[in-house]
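Here's the structure, in structure tokens; my notes come after.
When a ligand or atom number is given, it counts from 1 through the structure's own listing order. Keep in mind that the numbers below use all heavy atoms, side chains included, and drop hydrogens, waters and symmetry copies. Note that the numbering runs from 1 along the sequence shown for the chain.
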Amino acid sequence: MNEELSNHLLGLQLPTDPRWVNIAQMNIEDILVDHAYCEQKAASSCISLIVLFPEKTEMVEMITPVVAEEWNHFERVLEQLKKRGMSFGQARKDEYVIQLQKVVKKGGSRDQQLVERLLMNALIEARSCERFKILSQNIQDQELKNFYYELMVSEAGHYKNFISLAKIYMPEEYVLTRWKEFLIEEANILKSLEVRGDRMH
Ligand SMILES: [Fe+2]
Ligand SMILES: [Fe+2]
């Protein structure tokens with residue numbers, strides 16, 4: 001397994017509960033549906049960044065191709081569902097993201113606001129990357145195993161993009177301090193949530 005993708009390097013403070021993968025394997029339809037929504041939200045959150053901060057040229061240039069990648073992930077999860085005779089149902093309440101959004105600070109300069117959003121995106125990418133890694137290592141279905149491995153690498157790239165963009169708009173020290181705070185909050189949120197196998201997070 002690629003060492004670069006260890007939790008240590010992703011910065012995550014709390015590893016996923018080992019029970020998650022066992023439950024998740026039993027609920028593959030729920031996981032795929034929830035995953036499809038995660039990819040859809042990833043694409044729309046990148047579009048929002050571009051819509052809200054059009055003057056941030058480096059960000060717009062880096063994020064525009066990511067929209068297409070996330071949309072492609074979404075399409076491919078839909079394909080996996082279809083192939084298995086499963087259907088893409090209603091979106092479920094995403095408690096993880098709802099809680100994380102509360103960590104985003106309101107106010108401050110426009111650059112600070114952008115950095116808050118970039119770090120929030122980086123965090124979701126890092127956790128998704130960790131979960132995909134776990135799925136790719138444990139899932140029995142060979143096709144999904146390969147799929148999750150590929151996505152793990154892709155989301156790790158997105159995570160790096162978001163962090164390096166944040167450092168363009170605010171000093172490195174500020175970004176690292178804020179990033180650490182995000183990581184601590186995320187670990188607390190994860191600890192407070194029930195371990196469920198029908199959710200990606
Ligand atoms: Fe994705
Ligand atoms: Fe991503």
Side-chain angles (χ1 to χ4, degrees), residues 1-2 4-7 9-12 16 20-21 24 28 30-53 56 58-83 86 88 91-92 94 96-98 100-101 103-104 114-137 139 141 143-168 175 179 182-183 186 190 198-201:
M1 183 53 57
N2 192 341
E4 266 187 65
L5 302 178
S6 68
N7 280 11
L9 281 147
L10 288 169
L12 300 170
T16 284
W20 175 77
V21 71
I28 204 67
D30 285 320
I31 281 293
L32 284 171
V33 170
D34 197 55
H35 177 196
Y37 279 105
C38 291
E39 298 294 356
Q40 195 191 69
K41 280 179 269 184
S44 72
S45 132
C46 287
I47 293 172
S48 299
L49 280 171
I50 297 165
V51 170
L52 293 169
F53 300 91
K56 308 290 184 195
E58 284 116 318
M59 184 277 290
V60 172
E61 275 174 12
M62 203 187 265
I63 297 302
T64 300
V66 179
V67 175
E69 277 174 45
E70 300 293 18
W71 200 253
N72 173 264
H73 294 169
F74 172 61
E75 270 187 88
R76 291 175 60 199
V77 184
L78 288 186
E79 259 171 46
Q80 291 298 330
L81 278 165
K82 195 172 176 186
K83 207 179 234 184
M86 299 168 175
F88 179 48
R92 294 90 187 271
D94 192 342
Y96 174 75
V97 171
I98 293 171
L100 268 188
Q101 272 158 351
V103 179
V104 171
L114 173 59
V115 165
E116 288 295 302
R117 284 171 166 267
L118 291 170
L119 294 182
M120 158 92 167
N121 278 278
L123 198 49
I124 299 175
E125 294 288 359
R127 183 58 73 186
S128 302
C129 182
E130 189 229 16
R131 296 264 155 132
F132 293 160
K133 175 178 155 186
I134 295 173
L135 288 171
S136 76
Q137 287 173 332
I139 220 158
D141 183 311
E143 194 180 354
L144 287 180
K145 208 179 180 60
N146 298 342
F147 182 49
Y148 281 118
Y149 184 85
E150 190 199 320
L151 291 189
M152 167 193 81
V153 175
S154 167
E155 312 303 3
H158 298 162
Y159 151 76
K160 282 186 197 152
N161 284 348
F162 285 122
I163 298 281
S164 55
L165 276 172
K167 291 179 186 166
I168 293 178
V175 172
W179 177 237
F182 264 93
L183 290 169
E186 195 259 359
L190 208 63
D198 59 347
R199 293 287 194 279
M200 192 51 87
H201 298 108

Test item: S154 side-chain N/O and E150 main-chain N/O as donor-acceptor pair under 3.5 Å: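 No; zero donor-acceptor contacts below 3.5 Å.
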Check: T16 main-chain N/O paired with E130 side-chain donor or acceptor under 3.5 Å: yes
Within-4.5 Å side-chain heavy-atom neighbours: E69 and C46: no
Residue [X], metal the Fe ion (ligand 1), N/O/S under 2.8 Å:
X: C38; value: no
X: E39; value: yes
X: E70; value: yes

The Fe ion (ligand 2) - name of the N/O/S atom of H158 that sits closest to it: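 This residue's closest N, O or S atom turns out to be ND1.
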The Fe ion (ligand 1) to E155: nearest N/O/S atom name: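 Of all N, O or S atoms in E155, the Fe ion (ligand 1) lies closest to OE2.
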Closest approach to the Fe ion (ligand 1) by H73, given as the N, O or S atom name: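 That would be atom ND1.
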Mutual orientation of the aromatic rings belonging to W179 and Y159 [parallel < 30°, tilted 30-60°, perpendicular > 60°]: tilted
Y148-H35 aromatic ring centre distance below 6.0 Å: yes
